[in-house]
Amino acid sequence: METIIKKTQRTGPVIFSEYTRGKAVRKAIEIGRNDILFELKDSGLKGRGGAGFPTATKWMLSAAANGEKKYIVCNADEGEPGTFKDRVLLLEYPELIFDGMVIAGFTIGAKEGIVYLRGEYEYMLKSLEDYLEEMRKDNLLGKNILGKDGFDFDITIRLGSGAYVCGEETALIESLEGNRGEPRNRPPYPVNTGFMGYPTVVNNVETLAVVPHIVLKGGGWFKQHGTDKSTGSKLFSVSGDCARPGVYELPWGIKISELLFIVRAENTKAVQIGGASGVCIPKSQFDRAFAYEDIATGGSIMIFNESRNMLKVLKNFMEFFVEESCGQCTPCRIGNLKLLEGVNKIESGDFTFGYINTLKELGKTMQVASKCGLGQSSPNPFISILENFKEEIFNSKNRNGGSNGKAR
Amino acid sequence: MLVFEKNALSEDIEEFILKFGAERSALLPILQSVQRKHKYVSDFAQQEIARLMNIHPVEVYSVISFYSFLHSNPQGRNIVRLCQTISCDMAGKIAVADAIKRELGINFGETTKDKRITLEYTNCVGMCDQGPAMIVNERVFTKLDPEKAVKILSEIK
Ligand SMILES: Cc1cc2nc3c(=O)[nH]c(=O)nc-3n(C[C@H](O)[C@H](O)[C@H](O)COP(=O)(O)O)c2cc1C
Ligand code: SF4
Ligand code: FES
């Protein structure tokens, strides 16, 4: 039987290494803002929410921005299908996330932090609030933190209400401000004009959880893990056809085949990397690596074995996007419907290759013409699955059990 | 709605506004609180919230309609959301869904006659390593099979 991994059994080079609450905050006060930014820059840490923006640059921009108030927002909206690493961090490693937020506040001069917790994670709310209360008692939150004059910072938690697009940072800010979660045009960026118009750092849960380790052990130490361009480690959320699904901390640069071995995946046909908005990689490319210079990812890994029907997988993803598009811009609102319609037509055998090519072109238009990352990336699985699994999908003899519908 | 129900709802809303404030940024926490307690945000509740926050009721409605966990029409006493995304699908979602439908005698998107349960599909709930997964109100249940899912639902009031 599979077992569910406990915190004490987790091991990893960075995030899952040992840490005691408050330790990095103490160190941060000691070394001061400039050294924190220096170590962060030296570490090469990039945002773990998917977009991979350098964290030090984001912090420096908001530190330099003018504003009577500043905010730190922890993006705990974790809505990408197949991602659940932030769940593990929130449940088992709140000390890392919250200390990371406190350090961010200290560095850019923010006094308020907000965690945007997806509505699906409401069950964690009580334990997280209790944890914040403990931190207040230990003077790790509140006024004059750890005796440092004028270092005030506190954290509140706000819940989402079931909208994937609210994970996009400007939609998240709209939602915090009490509006529909519709992405804004960028620029302006949140580092200048964020929550209530004030400079705001929005960071993913995992990004913030890495920060205390970098502050304690230095950017040089962090860089020892991973590759030149992709420093440190990454959390991978692994699900689908394997004996050991779960969250793994692995160095960047690891190959797909290596990961498949670790999680005991057998007869693997395809791996969807980066969730519904990611790409589907066939067996012939399993020697490719997880890294910003090869396949960059927020860490969602969904494994499909030989028995799976890739057209059905694609249909599930396209249904997801049709439901979750905020409808604000046409390429995404209409485009995703058209792509789903195309999948349904392939399923029933009612298509021409000319039509499929037109849809692929439509997908490419969506990638450039959509307003936010949702519509820009939703064509990814459509394009990569139809391209990489065309034999299976279009050659009726190869259709698994004929379950793709009528043969033509 | 009866007069005393309206009064009780108004009191709730006033209490939530006292707790979260009357600024626009408090709108979501207020709507979520009404949703949690009453399972939907009625027309009357929308008007009360709009009045007390000094915004147009259409604004309140437009926000509610955006979020899939906020409802403007009555729901069952318990809201059950089964994950429909691919990892749960591969782990046996369809068998679980069929068993629930049979047992409750309703389809997804419907509410049982006794108003006990509203059944919905939802997208990935972050439990993909332990699917199939469902959320009942705010509790999460994982590694479901048809029998286990039906048993869980039979135990809620
Ligand atoms: C549709 C969409 C959904 C997103 N969902 C999330 C999410 O759930 N969590 C997250 O951290 N970032 C998400 N992002 C990325 C955020 O916009 C933003 O880049 C990120 O929070 C920045 O943090 P980082 O630099 O620490 O990665 C999403 C982006 C898009 C376009
Ligand atoms: S791309 Fe899609 S989700 Fe993003 S703003 Fe346009 S319609 Fe909304
Ligand atoms: S796919 Fe069901 S919880 Fe993620």
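To find a chain, count down the sequence lines: A is the first, B the second, and so on, and within it residues start at 1.
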Non-hydrogen atoms of chain B under 4.5 Å away: do they reach the side chain of [X], the backbone, both or neither?
{"X": "A/V238", "answer": "backbone"}
{"X": "A/E323", "answer": "side chain"}
{"X": "A/L159", "answer": "both"}
{"X": "A/E324", "answer": "side chain"}
{"X": "A/R158", "answer": "side chain"}
{"X": "A/S175", "answer": "both"}
{"X": "A/E177", "answer": "backbone"}

Exercise. Among B/P29, B/G131, B/A91, which residue forms the greatest number of heavy-atom pairs with chain A at distances under 4.5 Å?
Worked result: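 Most pairs with chain A among the choices: B/P29.
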Heavy atoms from other residues, nucleotides or ligands near [atom1] of [X] exceed 12 (cutoff 6.0 Å):
{"X": "B/Y61", "atom1": "OH", "answer": "no"}
{"X": "B/R36", "atom1": "CZ", "answer": "yes"}
{"X": "B/E14", "atom1": "CD", "answer": "yes"}

Exercise. What distance do B/M127 atom CE and A/S237 atom OG have between them, rounded to the nearest 0.5 Å?
Worked result: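 Here the interatomic distance stands at 11.5 Å.
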Exercise. Under 4.5 Å, heavy atom to heavy atom, which residues of residues 71-87 of chain B contact chain A?
Worked result: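 Expected list: B/Q84, B/T85, B/I86, B/S87.
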For this session: Output the residues of residues 146-157 of chain B for which the shortest heavy-atom distance to chain A is under 4.5 Å, in residue-number order; output 'none' if no such residue exists.
Result: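 The list, in residue order, is empty: none.
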Taking all atoms of both residues into account, what is the closest heavy-atom pair of [X] and [Y], and its distance?
{"X": "A/G82", "Y": "B/C124", "value": "N-SG, 3.5 Å"}
{"X": "B/S68", "Y": "A/G162", "value": "OG-O, 2.6 Å"}
{"X": "B/Y67", "Y": "A/C166", "value": "CE2-SG, 3.8 Å"}
{"X": "B/G126", "Y": "A/Y121", "value": "CA-OH, 3.6 Å"}

Given side chains that start at C-beta, do those of [X] and [Y] come closer than 4.5 Å, heavy atoms only?
{"X": "A/N179", "Y": "B/R24", "result": "yes"}
{"X": "A/M302", "Y": "B/C128", "result": "no"}
{"X": "B/N137", "Y": "A/Y123", "result": "no"}

Please tabulate, for the side chains in residues 102-111 of chain B, all donor-acceptor contacts under 3.5 angstrom to protein atoms that are two or more places apart in sequence or on a different chain.
residue : atom : partner : partner atom : Å
B/E110  : OE1  : B/N107  : N            : 2.9
B/T111  : OG1  : B/T118  : OG1          : 2.8

Exercise. Do the charged groups of A/R87 and B/D129 touch, with an N to O distance under 4.0 Å?
Worked result: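 Here A/R87 pairs with B/D129 in a salt bridge, since their nearest N and O are under 4.0 Å apart.
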For this session: Could you please spell out the steps behind the side-chain contact (heavy atoms from CB on, under 4.5 Å) verdict for B/Q130 and A/F84?
Result: CA-CA 10 Å; B/Q130 298 164 43; A/F84 44 90; over 6 Å; no
Exercise. Taking it one step at a time, do B/E138 and A/L125 satisfy side-chain contact (heavy atoms from CB on, under 4.5 Å)?
Worked result: CA-CA 10 Å; B/E138 62 281 347; A/L125 188 59; over 6 Å; no
For this session: Could I get the full list of ring-ring contact (aromatic ring centres under 6.0 Å, His included) partners for A/F320, not counting sequence neighbours?
Result: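 Checked A/F320 against ring-ring contact (aromatic ring centres under 6.0 Å, His included); matches are A/Y164.
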Problem set entry | B/Q32 vs A/E122, side-chain contact (heavy atoms from CB on, under 4.5 Å): CA-CA, chis, key distance, verdict | CA-CA 11 Å; B/Q32 288 163 342; A/E122 188 177 343; over 6 Å; no
For this session: Show your reasoning for whether side-chain contact (heavy atoms from CB on, under 4.5 Å) applies to A/R180 and B/S65.
Result: CA-CA 9 Å; A/R180 294 162 65 88; B/S65 66; 3.4 Å; yes
Exercise. Among A/G327, A/S239, A/S161, A/A276, which residue forms the greatest number of heavy-atom pairs with chain B at distances under 4.5 Å?
Worked result: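 Most pairs with chain B among the choices: A/S161.
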